S.K.: 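What follows is a single structure, and I will ask about it in a moment.
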Protein chains: 2
Amino acid sequence: MDSDFIRFQKFIERFQILNSDDKEFLKSSTKTITLSKRTHYLESGRVCNYVGFILDGIMRTYSIDNNGDEITMYFIKENQFAVDIESFNSRKISDINIQAITDCKLIQIDFNDFEYLKNNISSWGQITLEITNYALLEKLRNRSSLVAEDAPTRYEKFIQEQPEIVQRVPLIYIASYLGITPQSLSRIRKSFLKKSVINKAP
Amino acid sequence: MDSDFIRFQKFIERFQILNSDDKEFLKSSTKTITLSKRTHYLESGRVCNYVGFILDGIMRTYSIDNNGDEITMYFIKENQFAVDIESFNSRKISDINIQAITDCKLIQIDFNDFEYLKNNISSWGQITLEITNYALLEKLRNRSSLVAEDAPTRYEKFIQEQPEIVQRVPLIYIASYLGITPQSLSRIRKSFLKKSVINKAP
DNA sequence: GATATTTTTTACCAAATGTTAAGGAAGTTT
DNA sequence: AAACTTCCTTAACATTTGGTAAAAAATATC
């Protein structure tokens with residue numbers, strides 16, 4: 001659909017204005033795809049060949065630790081990118097997984113088209129660098145503040161910083177992001193509930 | 001000293017070649033400074049007005065949590081940058097602190113000179129973006145892998161990923177980075193010692 | 001609508017980590 | 001050299017979190 005591309009274009013233009021030829025060209029290089037809940041967009045062990053711009057839905061990136069447990073690294077949602085930048089740029093196999101948590105709609109550019117864009121849109125390199133930067137800063141900001149707190153504080157901060165995610169994502173993934181078991185998170189939520197009941201009492 | 005600048009220049013040229021005018025210009029915009037152990041390079045509540053390139057020494061960035069405790073976000077060492085990018089770019093006050101852990105020597109550019117460089121070296125924007133990107137990816141990679149593990153595993157991974165830091169930084173800062181108390185870290189180190197003794201027995 | 005599947009909650013016990021307190025080693029300053 | 005910081009370790013006890021198991025609740029699938 002045309003409006004899909006327009007949303008993507010608007011995002012891009014926050015960083016740099018493209019001329020109409022560039023826009024046409026960019027448009028012809030993208031396609032819209034859908035992913036249903038719980039399916040994978042990227043699996044570790046493969047090279048990341050696509051950049052996906054999320055139009056609708058929430059995804060997560062996760063890796064597998066030495067015990068075989070999944071570790072959710074971060075959540076991505078509308079107007080963010082689904083890609084393993086390091087694998088995409090270096091052409092090496094990825095060690096992360098990207099999975100749709102809800103049904104998702106993405107705009108996608110594959111690696112070859114992306115190279116073509118680099119060579120044919122003079123500001124493309126600059127645009128993508130700025131976008132990458134922006135995304136990395138966002139992720140780092142969210143992450144660093146979490147490590148050293150205890151679990152209830154991590155959860156509280158997460159609610160403040162990413163309230164939308166809490167509403168839209170199953171708790172098991174949030175627990176995995178916070179580095180605790182779903183059982184622990186359930187316990188923490190229960191104790192929060194009690195507190196808020198006490199606070200709201202007359 | 002001249003060799004100070006040359007080390008900085010070599011780092012820069014990994015990203016983009018500068019012509020000799022640009023180099024001269026860059027050189028005239030930098031100065032070398034020293035910081036003694038435990039002094040602050042940036043304090044929260046102030047705008048970050050400098051970019052420092054570390055020639056010698058190790059620094060850390062930390063923030064203060066709601067309990068008033070320090071949380072070490074990451075360590076930076078030789079060939080890395082001491083700067084709060086967000087504050088430097090946006091000119092807003094910073095909420096992080098940057099502190100020398102060992103005695104440090106830095107090459108420094110102030111904000112005005114940096115703007116001047118942007119306007120007078122055509123590739124400067126590109127260079128700084130690439131450097132920022134590189135640094136952010138490194139930090140994010142180190143961080144995400146730590147959150148969900150238990151403390152002994154976090155310490156083990158830290159030793160593998162940043163062995164130099166372990167040698168050169170007091171344990172209290174490492175504990176703060178790993179999100180545990182110095183007492184816990186001491187306990188963990190002790191149990192590691194026992195293990196390695198057992199493993200090395202005939 | 002009945003049946004799977006996924007997600008959330010509860011409970012009990014074990015293990016890990018924090019808290020508090022204190023002492024000693026190593027390095028700095030006076 | 002003495003006094004002062006800073007850093008590291010140890011210990012006892014309290015608290016938090018994990019592991020295991022199971023059931024209830026919510027969703028998805030047929």
Side-chain angles (χ1 to χ4, degrees), chain A residues 35-40 57-58 60 62 65-72 75 99-104 146-156 158-159 165-195 197, chain B residues 35-40 57-58 60 62 65-72 75 99-103 146-159 165-195 197:
Chain A
L35 284 172
S36 45
K37 200 187 278 198
R38 277 185 292 273
T39 57
H40 282 80
I58 297 190
R60 68 173 182 133
Y62 70 91
D65 70 11
N66 298 333
N67 304 325
D69 296 328
E70 294 181 358
I71 300 177
T72 296
F75 299 104
Q99 180 190 31
I101 294 179
T102 64
D103 291 341
C104 287
L146 288 179
V147 185
E149 314 277 4
D150 61 18
T153 310
R154 292 209 293 280
Y155 180 58
E156 217 166 14
F158 181 72
I159 292 174
I165 304 288
V166 183
Q167 302 301 321
R168 298 170 64 192
V169 165
L171 290 187
I172 46 168
Y173 301 121
I174 295 173
S176 146
Y177 178 79
L178 297 176
I180 54 180
T181 58
Q183 292 89 329
S184 276
L185 182 52
S186 181
R187 201 158 29 189
I188 289 165
R189 280 158 56 88
K190 195 171 148 192
S191 85
F192 275 28
L193 264 173
K194 277 184 199 157
K195 275 185 206 161
V197 168
Chain B
L35 285 172
S36 47
K37 204 188 274 199
R38 278 184 293 271
T39 57
H40 282 81
I58 299 190
R60 67 172 184 135
Y62 70 91
D65 70 13
N66 298 334
N67 303 326
D69 296 327
E70 294 182 358
I71 300 177
T72 296
F75 299 104
Q99 181 189 31
I101 294 179
T102 64
D103 292 341
L146 288 180
V147 186
E149 313 278 5
D150 61 19
T153 310
R154 292 209 293 281
Y155 180 58
E156 215 166 17
K157 280 199 174 180
F158 182 72
I159 292 174
I165 305 288
V166 183
Q167 302 300 320
R168 298 171 62 192
V169 165
L171 289 187
I172 46 169
Y173 301 122
I174 294 173
S176 148
Y177 178 79
L178 296 176
I180 54 180
T181 58
Q183 293 89 326
S184 274
L185 182 52
S186 182
R187 203 156 26 191
I188 289 164
R189 280 159 54 89
K190 196 171 146 193
S191 84
F192 274 28
L193 264 172
K194 277 185 199 156
K195 274 185 208 161
V197 168

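Because the structure is predicted, anything quoted here is derived from the model rather than measured. So that the names make sense, note that chain A is the first sequence line, chain B the second, and so on, each numbered from 1.
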S.K.: Generate the contact string for nucleotides 21-30 of chain C. Rules: B means base contact, S means sugar-phosphate contact only, - means no protein heavy atom under 4.0 Å.
M.R.: B------S--
S.K.: Quick test of your reading: applying salt bridge (charged side-chain N to carboxylate O under 4.0 Å, His left out), list the pairs with at least one residue in residues 177-187 of chain B, sequence neighbours left out, ordered by first then second residue.
M.R.: none
S.K.: State, yes or no, whether a side-chain contact exists between Ile101(A) and Pro170(A) at a heavy-atom distance under 4.5 Å.
M.R.: yes
S.K.: Quick one: pull up CZ in Arg189(A) and CD1 in Ile159(A) and give me the separation to the nearest 0.5 Å.
M.R.: 8.0 Å
S.K.: Could you state the atom-to-atom distance from CD1 of Ile188(B) to C1' of dT9(D) in whole Å?
M.R.: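 Going from CD1 in Ile188(B) over to C1' in dT9(D) covers 14 Å.
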S.K.: Between residues 171-182 of chain B and DNA chain D, which residues have a heavy-atom gap below 4.0 Å?
M.R.: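 Leu171(B), Ile172(B), Tyr173(B), in order of number.
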S.K.: Which distance, rounded to the nearest 0.5 Å, do you find between the CD1 of Ile188(B) and the CD of Gln183(B)?
M.R.: 11.5 Å
S.K.: Please check the phosphate of dC8(D) (OP1 and OP2 only) for any side-chain N or O of Arg189(B) closer than 4.0 Å.
M.R.: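 For Arg189(B), the contact criterion (side-chain N or O under 4.0 Å from OP1 or OP2 of dC8(D)) is not met.
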S.K.: Choose from dT17(C), dT17(D), dC8(D) the nucleotide whose nearest atom is closest to any side-chain atom of Arg187(A).
M.R.: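 Ranking dT17(C), dT17(D), dC8(D) by closest atom to the Arg187(A) side chain puts dT17(D) first.
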S.K.: Output the rounded distance in Å from CD1 (Ile101(B)) to C1' (dC7(D)).
M.R.: 13 Å
S.K.: Within this structure, what is the CG-to-C1' distance between Asp150(B) and dG19(D), rounded to whole angstrom?
M.R.: 13 Å
S.K.: Without decimals, in angstroms, what is the distance between Gln167(A) CD and dT8(C) P?
M.R.: 13 Å
S.K.: Please report the distance, rounded to the nearest Å, between CG in Asp103(A) and P in dT6(C).
M.R.: 15 Å
S.K.: Does Ser184(B) put a side-chain nitrogen or oxygen below 4.0 Å from OP1 or OP2 of dT17(C)?
M.R.: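 No, because none of the side-chain N or O atoms of Ser184(B) sits under 4.0 Å from OP1 or OP2 of dT17(C).
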S.K.: Does the side chain of Arg60(B) reach to within under 4.5 Å of the side chain of Val169(B), using non-hydrogen atoms?
M.R.: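 No, their side chains stay 4.5 Å or more apart.
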S.K.: May I have all residue pairs that pass salt bridge (charged side-chain N to carboxylate O under 4.0 Å, His left out) and include part of residues 169-179 of chain A, sequence neighbours excluded?
M.R.: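 Pairs touching residues 169-179 of chain A that pass the test: none.
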S.K.: Can you measure Glu156(B) atom CD to dA16(C) atom C1' for me and round it to whole angstrom units?
M.R.: 16 Å
S.K.: Measure from CD on Glu149(B) to P on dA16(C) and round the result to the nearest Å.
M.R.: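 After rounding, the gap between these two atoms is 15 Å.
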S.K.: Give me each pair satisfying salt bridge (charged side-chain N to carboxylate O under 4.0 Å, His left out) with a member in residues 168-186 of chain A, each pair once, sequence neighbours excluded.
M.R.: Glu78(A)-Arg168(A), Glu164(A)-Arg168(A)
S.K.: Please figure out whether Val169(B) or Asp69(A) has its closest DNA chain D nucleotide nearer the 5' end.
M.R.: Val169(B)
S.K.: Scan for side-chain hydrogen bond (donor to acceptor under 3.5 Å, both in side chains) pairs involving residues 169-180 of chain B, sequence neighbours excluded, and state none if there are none.
M.R.: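 Applying side-chain hydrogen bond (donor to acceptor under 3.5 Å, both in side chains) to every pair that reaches into residues 169-180 of chain B, excluding sequence neighbours, yields Thr72(B)-Ser176(B).
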S.K.: Roughly, in whole Å, what's the span from OH in Tyr155(B) to C1' in dC8(D)?
M.R.: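 It is 12 Å, rounded to the nearest whole Å.
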